[in-house]
Amino acid sequence: MDLLKNLNDNQKEAVLHTDGPLLILAGAGSGKTRVITHRIAHLIANGVKPYHIFAVTFTNKAAEEMRNRVMSIVGPQGSSVFVKTFHSAAVYILRRFGEDIGLTRNFTIYDGGDQEDVIKRILISMRLDPKKVKPSMISSKISEIKDKEAYLEGVDVNSLLPDNYSFNFSEIFSQYQQKMAENNALDFNDLLCKTVDLVRKSPSALAEMQRMWRYFMIDEYQDTNYSQYLIAKYLSSATKNICVVGDDDQSIYSWRGADIRNILNFEKDYDTTKVITLEENYRSTKQILDAAHSIIKHNETRKEKDIKAFRGDGEPLTWCKTNNEYGEGEFVVNTIVSLKSKENFKNHDFAVFYRTNAQSRIFEDFLRRERLPYRIIGGQKFYERKEIKDILAYLKFLVNPADSIALFRIINTPARGIGKASQDRISEIAKEQNISEWKVIQDELMTGRVPKGLDDFRKIIDKLLKETVQIPSRIKLSAFMKNLVDVTGYRESLREENTMESNSRIDNIDELINSIFDYEQSEPDATPEQFIQDIALYTSEQNPEENPDEKTDCITLMTVHNAKGLEFPVVFLTGMEEGTIPHKFSLDTEQGIEEERRLCYVGITRAMDRIYLTNAELRRSYAGPENKMPSRFIDEMPWEFINRVSYVSQGYGGGESSFRSSYSNNENRQYVANRTGNPVQSQSQSQFQSKPKESYLDELFAEKKIESDESGSKFSVKESIMHPKFGTGRIVSIEGTGDNIKLTISFGVTRRVFMEKYTPLQKLN
DNA sequence: CTCACGCTCTTTTTT
DNA sequence: AGAGCGTGAG
């Protein structure tokens, strides 16, 4: 049988074991996804209908990849396999059966930001200062409670609530729950909890789901929380055909309620469980695996496993100590440049990992400077931008006019003269008469001084509400949204502002409309409700128009958390410092340290051929510069596994001279000359304290950019200039000499190349 | 009511 | 280093 051809014995066994509970303990790089997809294909080949198969993973990216890989094996019928994330599966279930537990079909999903808006309003109504009692802290507490086993098992909520606060947490919690119900909204936790509620309270819904789905596959099982555990258990209880896949060493979400006991106790839960262990690693070289193992074996609470390297020895791990985060950025980018030229690596072969999103900026700056294309996974998300949230709030509100958070977001955006005072009065009237805020506006129930803009707002919304019901049958969603941006005056107000920022906001809105257009192509029958729900859960990609098929050859930047499940030929695991990895908030407990260690393990085991660990001895944060010790995890590796290197950037922190923000793209901060008045050299110097083993490293930093002095240019890198046509700009790089000097100049986000000889540039300093 | 300026606080990781 | 927020003037 063709399906089994490229599988090892254990993998084959996992694919062939189709009925009854199956636990696959799959170490990093052991071909886990391959087993899952082949198992699905095998089921289908043996007569199981694709729509009887239910498979969930953790991220949209992983789900998408799984679906594509299944389809590449079994063809178009693979599209009827139910492959989703837990949260999107819950949305599907609740949309279909939620009425059984009193939900309406058009409920709204609140993300973390919306949640905090709700909490903030509650705090203010309780006369608490949102600056002292932080909404983010309350929301994470609420979330923590909803993750708890006790909460789902019906233990009195009051006994779960923290009572050692100076304020009344229990009151906040109950108001929050009430407000969510009023707004017809569910938060991320509710999606799972309500699904549990549904399968428990509605036997008919459960029975129908059990008829619909007969084979279950749960990926990343070590990261499931209690509600996810229950959902899997209830749904699969009729057939017991449940296959879970996981690796206790890669459990990195305990802070979000993931309970490692789910995987450790699986055998107890299902007494006929078959256990298969996949220990052959096909991804990484032996050197990489040995280094990773030497770290993870320091964890006390884990199952020891013997991961075998299928590939050969390879290159040793490189640890580079750098003086500060600029040195770190330079080292990473220089290494990429060098590896590309010497070993034919492509951009998409490289990934840069970091612990916190804030660390990405420096790498971005250096990559931009070298004009290397990159993409960021996660981070500042497209859908979290103000203008996108504003526009989507309009749509959210139109779909669910009970959503008061959305209403108050849009009522005075753009400014219509409906200020805080008016908004408060609307709320009051709504409360008195026990009706929704929108009803107050719609029926013109406001007494006393009514702001003129309110009438405009009412008319705009009334008209849009009538149109909304005609989507998608008579009006296309993309056309509707395009019109919405105009008739609400949103576009016009940005256009009037006419700043760099407002123009880029307009671009983002256009991009949103483009992405809606794309969405329409794949989901022509989608209602606005569906669209809203899809994007509420779809947050993994920063940029909606970026194709997932990676046609563009980019370097990837992301947090280690986001890297789980992925692999790259060359990986940089940066910020290997005490306080960063392990993070300073995790240092208090042994469990915290162990999770950080697993994080480190996940990072290293993403690498196929090369892995670089870097640390900065001085790192700047908002609190000022901090001295950092190398991470304890580096010490946990034997010396012979490590190729030690160090790199010093000339930027700040070198002792002499002032701090130079050489690579900031902030146009206001230009350090064109140092104290002696000489042009700043853009090229930093490197020093190796020990000799690198790899020859390419010897030459790595010998490459010199042509400096202005050498080229004979009148200008120097980073100097500000005035161009007669393009206005003020900044020299990014200088190439060539004499009559052949080419200047690359950035004007805001756009860049242009000029021949110095022919271009009348004016110096600006 | 709006706008502009300046002050403060921020940062763990994500569905 | 930057976003969000409050304050005070118009």
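Residue numbering restarts at 1 for every chain, and letters A, B, ... go by the order of the sequence lines.
No more than 12 heavy atoms of other residues, nucleotides or ligands sit less than 6.0 Å from atom NZ of Lys134(A). Atom CE of Met629(A) sits in a sparse spot, with 12 or fewer heavy atoms from other residues, nucleotides or ligands closer than 6.0 Å.
Between Ser88(A) and Ser136(A), it is Ser136(A) whose nearest contact on DNA chain B lies nearer the 5' terminus. Each of Gly417(A) and His583(A) was assigned the nucleotide of DNA chain B with the nearest heavy atom; the assignment lying further toward the 5' end belongs to Gly417(A).
Remark: the separation of the C1' atoms in dG6(C) and dT11(B) is 23 Å, to the nearest Å.
Across dT11(B), dT14(B), dC1(B), the shortest atom-to-atom separation from the side chain of Ala421(A) is found for dC1(B). Checked against dT2(B), dT14(B), dT15(B), the side chain of Thr85(A) finds its nearest nucleotide in dT15(B). Side-chain proximity of Asn562(A) to dT14(B), dC5(C), dT13(B): nearest is dT14(B). Comparing dT15(B), dT13(B), dT2(B) against the side chain of His87(A) picks out dT15(B) as the nearest. Closest to the Lys134(A) side chain, of the nucleotides dT14(B), dC5(C), dT10(B), is dT10(B).
Electrostatic pairing of Lys564(A) and Glu220(A) counts as a salt bridge here, judged by a charged N lying under 4.0 Å from a carboxylate O.
Regarding His561(A), its NE2 atom lies at a distance of 8 Å from the C1' atom of dT14(B), rounded to whole Å. A straight line from CD of Glu364(A) to P of dG2(C) spans 12 Å, rounded to a whole angstrom. Atom CG of Asn412(A) is separated from atom P of dC1(B) by 8 Å (rounded to the nearest Å). dT15(B) atom C1' lies 12 Å from atom NZ of Lys564(A), rounded to whole Å. In this structure, the CZ atom of Phe58(A) is 18 Å from the P atom of dT13(B), given to the nearest Å. Atom OH in Tyr354(A) sits about 17 Å away from atom P in dT11(B), given to the nearest Å. Atom CZ of Arg620(A) and atom P of dA1(C) are 6 Å apart (whole Å). Counting to the nearest Å, the C1' atom of dG2(C) and the CZ atom of Arg361(A) are 9 Å from each other.
A sub-4.0 Å separation between OP1 or OP2 of dT13(B) and a side-chain N or O of Asn357(A) is present. Contact annotation: Thr559(A) side-chain N/O to dT14(B) OP1/OP2 distance is under 4.0 Å. An OP1 or OP2 oxygen of dC1(B) is reached within less than 4.0 angstrom by a side-chain nitrogen or oxygen of Ser422(A). Contact check, Lys120(A) against dC5(C): a side-chain N or O comes under 4.0 Å of OP1 or OP2. Phosphate contact (OP1/OP2 of dT15(B), side-chain N/O of Asn225(A), threshold under 4.0 Å): absent.
For the residue pair Ser649(A) / Asn323(A), no side-chain donor-acceptor distance below 3.5 Å is found, with atom types taken as modelled. A donor and an acceptor atom, one from each side chain of Glu116(A) and Ser136(A), are nowhere located under 3.5 Å apart. Between the side chains of Tyr221(A) and Asp247(A), not a single donor N or O lies within less than 3.5 Å of an accepting N or O.
Trp255(A) qualifies as a stacking partner of the dT13(B) base, centre to centre under 5.5 Å and near-parallel within 30°.
Nucleic acid contact for Tyr253(A): sugar-phosphate only, since backbone atoms but no base atoms lie under 4.0 Å from a heavy atom of the residue.
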